[in-house]
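Worksheet for the structure shown next.
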Amino acid sequence: MKRKIMMMIMSTGATPKAFSSSLSSSQLLQQSQVGSFTSNGTENTCNNHNRSHYYYVNRRSRLQRGRIASVNQRSETSQIINKQDRKGTSSTFEIETLTTWLLNQERQGNIDNELTIVLSSISLACKQISSLLQRATLSNLTGSQGFINIQGEDQRKLDFIANQVFCNCLRSTGRTGIIASEEEDVPIAIEETYSGNYTVVFDPIDGSSNIDTGLTTGSIFGIYSPGDQEPCIVDYDDEDDSTDPALVDDLKLGKQEQKCVVSACQPGSNLLAAGYCMYSTMVVFVLSIGKGVYSFTLDPMYGEFVLTQKNIQIPKSGKIYSFNEANYQLWDDKLKKYIDDIKDTGKKQYSGRYIGCFVGEIHRMLLCGGIYGNPGNIKRKEGNLRLLYECAPMSYLVEQAGGKASDGHRRILDIKPDEIHQRAPIFIGSPEEMDKLEKYLSSSI
Ligand SMILES: O=P(O)(O)OC[C@H]1O[C@](O)(COP(=O)(O)O)[C@@H](O)[C@@H]1O
């Protein structure tokens, strides 16, 4: 049974109970005054030259260095105050969380306070989804929701719930005008919009087939400027709206709904910010606001995303290629030749990795380099990934990290979607690996 379109709920004002409440900037700030930490730097796991800066030292090394006589004797808060009292020296205990990082970006004028609140609400949604995923088998949240979604896929229970979590968090900010989700038939016009009016596109759970097995999954989001689009609030009480509820079921959209689709269907080059949250052995929130890529690891001790990597640069080349080779026979000959050559062990030695989660593949690639492809094939000309809320946000991030992303011929960020759920072939990764692939795809073999 096709699910009723979310807008029908909106028109009755029966807004689903929000999971979360919106946070004011000062509330956001309070969250960060939690612990006392310092910074040190270590090489990251893939031995590239990207220094990872871990922004806290575990308690043992602070004790070993005698920095603190005994944690029990003085509360950490008093230590922070004492350290900060010293003239001329900043605190040796400092913590950079997503909250304080966003507030610093706002202070530097890189984002406005509306976007700060939208990004903070997205991180809140990701924390909730992370918790739900970890309890999936304990709380009977595995398995199918019993619907076939707009993608023609069997919607998982957590796909449905995670979508609700994202919508509730974004709706409660009062700064989101339009929501476009993989799990919604059409864009949702938000009635509780007080200001900001940002357009947010997202895949609430990427890699859904990994949910029940506890393997890597993720959430992907992109944020577009409110711009000068006309609001596309749909008011079913408005007689002269051409939307006939009987038609809505068939997705024959009225003129207002079409405005929502137009407002949401922007090329990735218009993105203001994009990112993902990876749910794996670590929960890592990675984002860019157009000035580099930053990574924040969730500290379960107190539920804050802590800055763990600044200005991530993807290695220029890599040894890992990531394609679903079960589709090899369905690919075009130029791609087959590329794959054959990179598997020629007489040349550069590659390793194949494929985890069935776009977020996981991209995260590994940002740190270790390499290339991921979800190409079109004879059965599925446009591949499996959606342009608006999967390919474009990830391409934005990878380009911010110095990588490249194309459909084999065009830059992904230059492609304007015509439809919300339009798919696109994608090749994405280290610049040298992408140049090599594109030579094969443009050759005249
Ligand atoms: O099944 P294919 O063609 O290998 O595609 C796998 C890709 O599809 C996805 O599973 C799409 O994820 P969702 O549909 O769960 O959002 C990606 O995570 C993954 O990279």
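Order of listing sets the numbers, starting from 1, for every ligand and every atom in it.
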Please confirm whether [X] approaches ligand 1 to less than 4.0 Å, judged on its heavy atoms.
| X | value |
| --- | --- |
| C357 | yes |
| T217 | no |
| E390 | yes |
| E361 | no |

Show me which atoms of ligand 1 lie under 4.0 Å from any heavy atom of [X].
| X | value |
| --- | --- |
| N324 | 2 (P), 4 (O) |
| E182 | 13 (P), 14 (O), 16 (O) |
| S208 | 15 (O) |
| D203 | 16 (O) |
| F358 | 17 (C), 18 (O), 19 (C), 20 (O) |
| D206 | 11 (C), 12 (O), 15 (O), 16 (O), 17 (C), 18 (O) |
| I205 | 15 (O), 16 (O) |
| Y354 | 2 (P), 4 (O), 5 (O), 6 (C) |

Checklist entry - Taking all non-hydrogen atoms of both residues, which atom of R171 and which atom of I188 are closest, and how far apart? => result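 Distance-wise, the nearest heavy atoms are NH2-CG2, 4.2 Å.
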Next on the checklist: Just to be sure I read this right, does ligand 1 sit under 4.0 Å from the backbone of N374, its side chain, both, or neither, counting only heavy atoms?
Outcome noted: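 Within the 4.0 Å criterion, N374 contacts ligand 1 through side-chain atoms alone.
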Next on the checklist: Below 4.0 Å, non-hydrogen atoms only: which portion of M394 touches ligand 1? Side chain, backbone, both or neither.
Outcome noted: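 M394 to ligand 1: no contact under 4.0 Å from either part.
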Among all protein non-hydrogen atoms, which one is nearest to [atom], and what is the separation to 0.1 Å?
| atom | answer |
| --- | --- |
| atom 10 (O) of ligand 1 | G356 O, 3.6 Å |
| atom 1 (O) of ligand 1 | N384 ND2, 3.6 Å |
| atom 14 (O) of ligand 1 | R386 NH2, 2.9 Å |

Item to check | Qualifying residue, where the test is side chain to side chain donor-acceptor pair (under 3.5 Å) with E183 and the options are Q145, Q155, Q164 | outcome: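 The side chain to side chain donor-acceptor pair (under 3.5 Å) with E183 is passed solely by Q155 among Q145, Q155, Q164.
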Next on the checklist: Is there a side-chain contact between R175 and L115 in this structure, where contact means two heavy atoms from C-beta onward sitting under 4.5 Å apart?
Outcome noted: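 No. Closest side-chain heavy atoms not under 4.5 Å.
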Is the ring pair [X]/[Y] parallel, tilted or perpendicular, if the boundaries are 30 and 60 degrees?
| X | Y | result |
| --- | --- | --- |
| F285 | F221 | parallel |
| Y372 | F358 | tilted |
| Y294 | W101 | tilted |

Item to check | Test: E153 and R386 ion pair at under 4.0 Å | outcome: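 Salt bridge flag = yes for R386 with E153.
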Item to check | Check: Y372 N/O within less than 3.5 Å of ligand 1 N/O | outcome: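 For ligand 1, there is an N or O atom that lies under 3.5 Å from one belonging to Y372.
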Next on the checklist: Can you list everything that forms a salt bridge (charged side-chain N to carboxylate O under 4.0 Å, His left out) with D154? Sequence neighbours excluded, please.
Outcome noted: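 Per chain and number, D154 pairs via salt bridge (charged side-chain N to carboxylate O under 4.0 Å, His left out) with R156.
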Item to check | K336 charged N/C atom sitting above Y328 aromatic ring, 6.0 Å / 45° | outcome: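 The answer is yes, since K336 meets both limits relative to Y328.
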Item to check | Residues in ring pair (Phe, Tyr, Trp, His ring centres under 6.0 Å) contact with F427, at least two apart in sequence or another chain | outcome: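 Testing F427 for ring pair (Phe, Tyr, Trp, His ring centres under 6.0 Å), a comparison that skips the adjacent residues, returns none.
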Item to check | Nearest-0.5 Å distance, CD1 of residue I178 to OG1 of residue T199 | outcome: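 If I round to the nearest 0.5 Å, the distance is 4.0 Å.
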